A.B. asks: 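Take a look at this one; I'll ask things after.
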2 protein chains.
Amino acid sequence: MPTPQPKSTVRRSPLSREEVLRVAAMLADEGGISGLTMRKLAEKLGIQAMSLYHHVAHKDELLDAMVDAVFSKIGIVPDDVHWKTAMRQRAVATRQVLLQHAWALGLMESRANPGPATLKRHDAVIGCLRHAGFPVALAAHAFSLLDSYIYGFVLQELNLPFQNPEELETVSETIFQDMPADAYPHLMELVTEHVLKPGYAYADEFMFGLDLILGGLEQAIGAHLQTES
Amino acid sequence: MPTPQPKSTVRRSPLSREEVLRVAAMLADEGGISGLTMRKLAEKLGIQAMSLYHHVAHKDELLDAMVDAVFSKIGIVPDDVHWKTAMRQRAVATRQVLLQHAWALGLMESRANPGPATLKRHDAVIGCLRHAGFPVALAAHAFSLLDSYIYGFVLQELNLPFQNPEELETVSETIFQDMPADAYPHLMELVTEHVLKPGYAYADEFMFGLDLILGGLEQAIGAHLQTES
DNA sequence: CTACCTGGCCTTACGCCGTAAGGTATGACT
DNA sequence: AGTCATACCTTACGGCGTAAGGCCAGGTAG
C-alpha cells in the first residue's frame, strides 16, 4: 500500500490562466491538437486534471482562448505605410504565425467565438483599407478575399504530405508507382517538371497569389476613384 | 437475466464499404465530425462497432475515404469551354460541395493521403489550364491560388457565427454590447453600414474574389503570351 | 482568538471513445 | 466431408472530458 503522499507541503505560486494557455499551446505545438488533453496539460503543469477547471470553464473555452492568443501574436502593422505594403506585411505575418501553430487553423473552423485579439486584428485591417480610401463595400471584399487566401494557402501548406524535397520525392513515387502510369498526366507533368526541380518551394507560391490579389484590389480602387471624380 | 438473443437468424445482404461511407457521411453531416463515432455508425448500420473493421482498416482510413468521396462529388467540367468559365464553374461547384459537407474541410487539414478522386480533380484542373496555354509554372501558381481561395473562403464561411441575417444581428449585438463602444470602430462601421444592410449575403463576396483572381490570371497569361511572340 | 469564507487544489466516478484479441455462424469450394 | 473465407459478435483495455464533492491554507470579521 503506497503511503498516501504527504500532501505536498510545498505551495508553489498559484497558476495563472496565462500560464495554462502558454503550456497548452506548447503541448499542441508538439503533439498536434489531439495531443492536448486536460490530463496531459495538468501533468505538464504539475497539477491534477480537474484543477484546470479553476482556470477555464471547459476545454472549449481553453481552445477559444488559444485561438485568440494566436491572433494576438500576429502583431500590428504601422499605419503610416501604403495599404499594399501593410496588407502584404500582415499577410506574411499571419501566414507565419499560423504555420508556427499548425493547430490554430483547424480550431478556427468549428469555433465561433472570436476573441478580443481577433476582433482587434480585423478592425485594424479594415481601418487600414478605409484610410486608404476604400469604400465600405470594397473594404469588405478585400478583407474577405485576403483572409480567404491566407487561410486557404496555409491550409494547403499544412496539408502537404511532405516538408522538404526528399520527402516530396518519396511521396510522389509512392503515389505514382502503382498506377496506370498515365492516370494523372498533367499532375505528373507538373510535379516532375516544376515541383521536383531544384529550388522549388511551395512557400514561394504564396507571394505570387498575394501580389496578384493586391494588384487586383489596386485596380478595383483605382476604378472606384475614377468614377468618383 | 436477459435471454441471450436468438442470434438474429435474418441474414441481410452484407454491407458494402460504399454503404459504410455513405452512412458515415450522413452522420457527419448531421452531427459534425465529432458526432461520427464507430459505435454510432455501427448502430445506424445495424451492426456492432467492431464489425466495421471488416470494411475499413481503422477510423483514419474511413476519414480519408470520406474526404475523397467528397471530391468525387465535385463533378467534371466540360473541357470545351474557356478556361475562365471552367475554373469559375469548378470553383462554385467545389464551394457548394464543401459547404454541403462542412466536416470535409476540417478533415483535409491533418490528412495527408489524397485519394484517387482528389488526384483526378487536381489533374483535370491542371490539364484545363495547360490546354489553355498556361506554362507549367503559371499553371502551378493558378492552381495553388484558386484552391487556396476556395478553401479559405469556405473556411471563413463555415466559421461565421451566424447563418442568416437575424442571427447575425443578435451575434453582433452580443459582441458589441459590453464594450467600450468604440473598441472596434471600423469593424463596427463595416457591420452596421454594410453587412447588416438588407440584401447582404456573405456568399456574394465569393464571386468578387473569384473574378478578381481570374482577371489577374488572365492578365498574367496575356503578359506571358506577349513575351513569347 | 475564534469562526467563517474563499480560492486553489485533489479524489473518485461516469459514460463516452478507438480498437486489440479472439470467437462463431454461414456458405462456397474442393 | 472437410476446409476455408467472409461477415459478423463479445469482451476488455486504456484514455478521454468532466460532474460532484472533499480538503486545506490564508484572509477577514466578530
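We name chains A, B, ... by the order of the sequence lines, and we start the count at 1 in each one. These numbers come from a predicted model, not from an experiment.
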A.B. asks: To the nearest Å, give me how far apart CG (L27(B)) and P (dC17(C)) are.
C.D. replies: 11 Å
A.B. asks: Evaluate the side-chain proximity of V70(B) to W103(B): yes if any heavy-atom separation is below 4.5 Å, no if none is.
C.D. replies: yes
A.B. asks: Nearest 0.5 Å, please: how far is CG in L52(A) from CD in Q48(A)?
C.D. replies: 9.5 Å
A.B. asks: For H55(B) and dT6(D), give me the distance from atom NE2 to atom P, rounded to whole Å.
C.D. replies: 12 Å
A.B. asks: May I have the distance from K40(B) (atom NZ) to dG15(C) (atom P), rounded to whole angstrom?
C.D. replies: 16 Å
A.B. asks: Round to a whole Å and report the spacing from CD1 of I33(B) to P of dC17(C).
C.D. replies: 14 Å
A.B. asks: Just by distance, no angles: are the side chains of E205(B) and Y200(B) close enough, under 3.5 Å, to form a donor-acceptor pair?
C.D. replies: yes
A.B. asks: Just how far, in rounded Å, is C1' of dC10(C) from CD of E43(A)?
C.D. replies: 15 Å
A.B. asks: Atom CG of L63(B) and atom C1' of dG18(C): how far apart are they, to the nearest Å?
C.D. replies: 12 Å
A.B. asks: Just how far, in rounded Å, is P of dC16(C) from CG of L41(B)?
C.D. replies: 17 Å
A.B. asks: Crowded around E43(B) CD? As in, over 12 foreign heavy atoms under 6.0 Å?
C.D. replies: no
A.B. asks: To check you understand the geometry: which heavy-atom pair defines the closest contact between F153(B) and S144(A), and what is its length?
C.D. replies: CE1-OG, 3.5 Å
A.B. asks: Send over the distance from L52(B) CG to dG18(C) P, rounded to a whole Å.
C.D. replies: 10 Å
A.B. asks: Just how far is it from atom CG of L41(A) to atom CG of L27(A), taken to the nearest 0.5 Å?
C.D. replies: 6.0 Å
A.B. asks: Using a cutoff of under 3.5 Å, can you pull out all pairs of nitrogen or oxygen atoms linking the protein to nucleotides 17-21 of chain D, with atom names and distances?
C.D. replies:
unit_1, atom_1, unit_2, atom_2, d
dG17(D), OP1, M38(A), N, 3.4
dG17(D), OP1, K59(A), NZ, 2.6
dG17(D), OP2, M38(A), N, 2.9
dG17(D), N7, R39(A), NH2, 2.4
dG17(D), O6, R39(A), NH2, 2.6
dT18(D), OP2, Y53(A), OH, 2.7
dT18(D), OP2, K59(A), N, 3.0
dT18(D), O5', Y53(A), OH, 3.4

